[in-house]
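First up is the structure itself, then whatever we jot down about it.
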Amino acid sequence: MLGDFVDTVKFCVEVILPLPLKGSFTYLLPDEFSDVAVGERVIVPFGNRKFYSGIIVNIIEREKVKTNFELKEVIAVLDNRQIVLEKQLELWKWMSSYYFATLGEVMNNALPAMFKITSETFISLHPEFSGEISSLSEAEVGLTNALMNNDKLSIKQAAEILNVKPANIYKYIRQLIGDCIVELQEEVKNPYRPVYRDYIQIAENFRSDEKMNEVFRSLEKRSFKQLKILLSYFKHAANYQDEYPEIPKKLILDDTDANHSTLNSLVEKGIIDINKHKISRLELVEATSKPENIILTDKQRQALIDIHKSFENHDITLLHGVTSSGKTEIYFKLIEETIAQGKQVLFLLPEIALTTQIVERTVKYFGEQVGVYHSKFNHNERVEIWNAVFDNNKNFSRGYNIVIGARSSIFLPFDNLGLIIIDEEHDYSYKQNDIAPRYNGRDSAIFLANLFNSKVVLGSATPSIESYYNALNGKYALVEISERYGGFLLPETTVIDMKRKADKNNISHFSNELIKEIKNVLENKKQILIYHNRRGFSLRLECEVCGWVPECIHCDVSLIYHKTFHQLRCHYCGYNKHVPSHCPNCHSDRIFMKGFGTELIEEELELLFPQAVIKRMDLDTTKRKNAFTKLITEFSSGEIDILVGTQMITKGLDFENVALVGIINADNMLYFPDFRSFERSFQQICQVSGRAGRKNERGKVFIQTFSPDHKAIKYAINNDYRGMYDNQTIERRQFNYPPFVRLIDVKLRHKDSNILDKAAEVFAEMLRKSLGKRVLGPEYHYIPRLNNQYIKSILVKIDRTSDFPVLKNEFRRIYETFSENPQFKSVRIIVDVDPY
Ligand code: ADP
Ligand code: ZN
Ligand code: ZN
């Protein structure tokens, strides 16, 4: 009996489920599963009829669990091994607490989707259904008929038959369930699919020269086709050490044009076996550039020595080295030393740099020890990378001991990390902004390193002000390289004042100076990068008479013109409409385009330089997995003369032949409404300039701007990081911004602006009562309405003193009280800690 069974259970487990609910959930652990460990995956029921796979975070004695409701049982244990280790669970818990996310949200982000199993609901006929359908609606009859022909239908299929949205289906089938016509059932599916491959091998009984000779002689007379298969087998076998190795079936079939029935005859005669094996989706790469080919320069060697020395009394070292100072080669030495000690290395890069040269360099150097992990991998591939890191834990010579990846690779199951390198540590793509947990990969990696007692190297030519501040204050060690590899000069920069552009009616985006220089460079067969930080056409319409601008009906933003569709579109919600021929406001037909994006710049260049090969690199042209790499390869090999692009062209790229970098409009970044825009402009100008010039000659940079005297440009031209830092720290101290305070940004959203106003006012007041002047707002967001939801924000600035944890807990308490207030249940609250 069930009751008896439950009573004998001695242990319970706490499980994290992939749901945005607080905390973990307790289940009874049947005795047959008593050997499970923390970090293993189990299937448990949740809610009325759903099953989920979750991760065990705790195993506790039954007696110690106090609940006033009946506990459910663990249904199955998956995998027979841990999926995550204790250290990763500690990271999850810290993230959940620090970034105000639930453990389920952290888990959802951390685990490859394929590890997450949710049951799927199916509809089938009720076993007692009589066949009587006279009382049913037409749609219900359709569904019932479909079920008579099929065992079961998924919710999606049923929704199609009923012609309703899957989300609304329950409304329609409730009656059918009540009348015992259909029933629901849950099926659990494991979504991960291994790949299998067939291999051919000579059967054991025939593995001798004598036997094979016999076979050959007999086949010569009878079947030339079968003979060809064996010949092909031995041709491939010659590449192996084993005399009778397994050869992929596909190789032999391709080789001989044989068909399956010929193969099968050989199998039936017992001459060959066909074996099925699970294979990896991941390519194995051999190291080709031998480490000894690279000899560090004196400057690099000194930096390496300084880093070693800094590790004696620091865990974190900031390596501030100008662009092309050879930081990557220094990382390689550090990685080599770490794996020689039998420890693992995590090498973090901004997302976009990952599909480029630096990964290729690393893989060339370290070969199959390197695993690459980023968002362009599919779900199955991610599981295999995950497993390869896991294999490395048990046996250091197997799997991956070096992982190069984007921010999400901090979640991989390392158990022996010795070093974390965070390249381009200032890059904003380390911060996850769109979904919870809204974590910073750099800061979370530092927490992870701390768990392993491993060292951290933060590298950048333009460090974040926060990290440099930590370095000057002794929290991090600081190592600097101020010279480029080979002593090449930083480029010569010209600032072009667009206010003084001679011809006011000329609508070109290019100044005469820049056009002249491009011509020059093209004649000398060198290459050009044109940087513009807006993608697409980015054209807006405006009525010249009354100033009317078409806006989105769901969001408070203007619509953007898309040439491909000849359509106006909202970049936030996707709303689109036709291009009007007359102004709806004043009926004038003088509607003109304004503004510009990369696509437009590309078109103008094509008109100006019809002979040149011009390509564009931005989000729109790099959606496919290998598009980015293809552009880079074409550019490196000189097939492209001019590459136009967004931020993408500034990251992780290293080209020999670039003589000129043009920045089309620096003002876009200078005046972005964010306290970091000064710092970011400086960083972007330095980074993009860093792509100009190499061994042979000094590169040139042209910056077009309406604010030629802006200080961020001045500091960037002089490559004066310290000047920029000093300037900004004075301002930030005065106006209370990081690094002097920590920010918590709260956004409240609701479709009714009255409810939103009330909620925001109440919340801000509650916060102010205990945190006082640290609370700013509420204020409307700079886009006050998105997707029909109004948005208000409250900014909390918490002093970076010893009181920080106390004050943050105070914030937490108020936030939780407010979230539980039933009056504001429908208000969505998004908390972003350390917004970036
Ligand atoms: P950073 O990471 O600082 O931008 P890189 O490590 O990419 O700089 O170095 C810039 C270029 O100089 C690369 O092409 C790199 O291969 C080359 N380089 C750097 N150091 C050396 C060295 N010691 N020997 C040979 N080439 C080097
Ligand atoms: Zn008008
Ligand atoms: Zn919109």
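Both backbone and side-chain heavy atoms feed into the values below; hydrogens, waters and symmetry mates do not.
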Between [Y] and [X], is there a side-chain heavy-atom distance shorter than 4.5 Å?
{"X": "E731", "Y": "F675", "value": "no"}
{"X": "I435", "Y": "N109", "value": "yes"}
{"X": "L807", "Y": "F804", "value": "no"}
{"X": "I829", "Y": "S819", "value": "yes"}
{"X": "I632", "Y": "E360", "value": "no"}
{"X": "I814", "Y": "S770", "value": "yes"}
{"X": "I330", "Y": "V457", "value": "no"}
{"X": "V831", "Y": "Y99", "value": "no"}

Taking the side chain from [X] and the backbone from [Y], do they hold a donor-acceptor pair closer than 3.5 Å?
{"X": "K327", "Y": "L319", "answer": "no"}
{"X": "Q88", "Y": "L85", "answer": "yes"}
{"X": "R774", "Y": "V796", "answer": "no"}
{"X": "D423", "Y": "L349", "answer": "no"}
{"X": "H532", "Y": "G645", "answer": "no"}
{"X": "S96", "Y": "W92", "answer": "no"}
{"X": "R484", "Y": "G690", "answer": "yes"}
{"X": "K455", "Y": "H314", "answer": "yes"}
{"X": "W386", "Y": "I83", "answer": "yes"}
{"X": "Q432", "Y": "P437", "answer": "yes"}

- prompt: Hey, which of Q302, Q300, H308 is the one that makes side chain to side chain contact (heavy atoms under 4.5 Å, CB included) with L304?
  reply: H308
task: Run through L743, N736, V741, I744 and flag the one making a side chain to side chain contact (heavy atoms under 4.5 Å, CB included) with I798.
output: I744
Between the side chains of [X] and [Y], is a donor N or O closer than 3.5 angstrom to an acceptor N or O?
{"X": "S464", "Y": "E425", "answer": "yes"}
{"X": "N440", "Y": "Y836", "answer": "no"}
{"X": "Q344", "Y": "N393", "answer": "yes"}
{"X": "D834", "Y": "Y98", "answer": "yes"}
{"X": "N387", "Y": "R81", "answer": "yes"}
{"X": "E679", "Y": "H426", "answer": "no"}

message: Suppose we screen for side chain to side chain donor-acceptor pair (under 3.5 Å). Which residues come up paired with Y531, at least two apart in sequence or across chains?
response: Q684
message: If the condition is side chain to side chain donor-acceptor pair (under 3.5 Å), which residues does R438 pass it with, not counting sequence neighbours?
response: none
Got more than 12 heavy atoms from elsewhere within 6.0 Å of [atom1], [X]?
{"X": "K808", "atom1": "NZ", "value": "yes"}
{"X": "K711", "atom1": "NZ", "value": "no"}
{"X": "R812", "atom1": "CZ", "value": "yes"}

message: Is the distance between the ring centroids of F414 and F452 under 6.0 Å?
response: no
- request: For a ring pair (Phe, Tyr, Trp, His ring centres under 6.0 Å) with Y469, tell me which candidate from Y725, Y476, Y737, F740 qualifies.
  value: F740
Got a second to check how far [X]'s [atom1] is from [Y]'s [atom2], nearest 0.5 Å?
{"X": "F682", "Y": "I465", "atom1": "CZ", "atom2": "CD1", "answer": "9.5 Å"}
{"X": "S409", "Y": "L348", "atom1": "OG", "atom2": "CG", "answer": "5.0 Å"}
{"X": "Q369", "Y": "I339", "atom1": "CD", "atom2": "CD1", "answer": "4.0 Å"}
{"X": "L478", "Y": "D306", "atom1": "CG", "atom2": "CG", "answer": "10.0 Å"}
{"X": "I316", "Y": "N450", "atom1": "CD1", "atom2": "CG", "answer": "7.5 Å"}
{"X": "L458", "Y": "I420", "atom1": "CG", "atom2": "CD1", "answer": "10.0 Å"}

message: Would V106 and I16 count as a side-chain contact (heavy atoms from CB on, under 4.5 Å) here? Give the steps.
response: CA-CA 10 Å; V106 177; I16 307 179; over 6 Å; no
task: Could you give me the CA-CA distance, side-chain angles and deciding distance for K93 and E90, then say whether salt bridge (Lys or Arg N to Asp or Glu O under 4.0 Å) is met?
output: CA-CA 5 Å; K93 287 178 193 164; E90 265 184 72; over 6 Å; no
State, to 0.1 Å, how close [X] and [Y] come at their nearest heavy-atom pair, and which atoms those are.
{"X": "L89", "Y": "V57", "answer": "CD2-CG1, 3.8 Å"}
{"X": "A666", "Y": "I713", "answer": "CB-CD1, 4.2 Å"}
{"X": "P18", "Y": "Y52", "answer": "CG-CD2, 4.0 Å"}
{"X": "M107", "Y": "G54", "answer": "CE-CA, 4.1 Å"}
{"X": "Y400", "Y": "V370", "answer": "CE2-O, 3.3 Å"}
{"X": "I422", "Y": "A445", "answer": "CD1-CB, 3.9 Å"}

Students often mix this up, so state it plainly: with edges at 30° and 60°, are the rings of [X] and [Y] parallel, tilted or perpendicular?
{"X": "F447", "Y": "W94", "result": "parallel"}
{"X": "F818", "Y": "F763", "result": "parallel"}
{"X": "F411", "Y": "Y439", "result": "perpendicular"}

task: Apply the test side-chain contact (heavy atoms from CB on, under 4.5 Å) to residues T338 and I402: give CA-CA distance (whole Å), side-chain angles for both, the deciding distance (0.1 Å), then the verdict.
output: CA-CA 10 Å; T338 311; I402 304 162; over 6 Å; no
- prompt: Under the criterion salt bridge (charged side-chain N to carboxylate O under 4.0 Å, His left out), which of K431, R676, R442, K475 is the partner of E466?
  reply: R676
- line: Taken in chain and number order and not counting sequence neighbours, the residues that satisfy salt bridge (charged side-chain N to carboxylate O under 4.0 Å, His left out) with E779 are none
field: Candidate pair T323 and R691, rule side-chain contact (heavy atoms from CB on, under 4.5 Å), full reasoning
entry: CA-CA 8 Å; T323 48; R691 309 299 132 211; 4.1 Å; yes
- prompt: Hey, mind stepping through E810 and L771 against side-chain contact (heavy atoms from CB on, under 4.5 Å) and telling me if it holds?
  reply: CA-CA 8 Å; E810 196 50 21; L771 298 171; 4.3 Å; yes
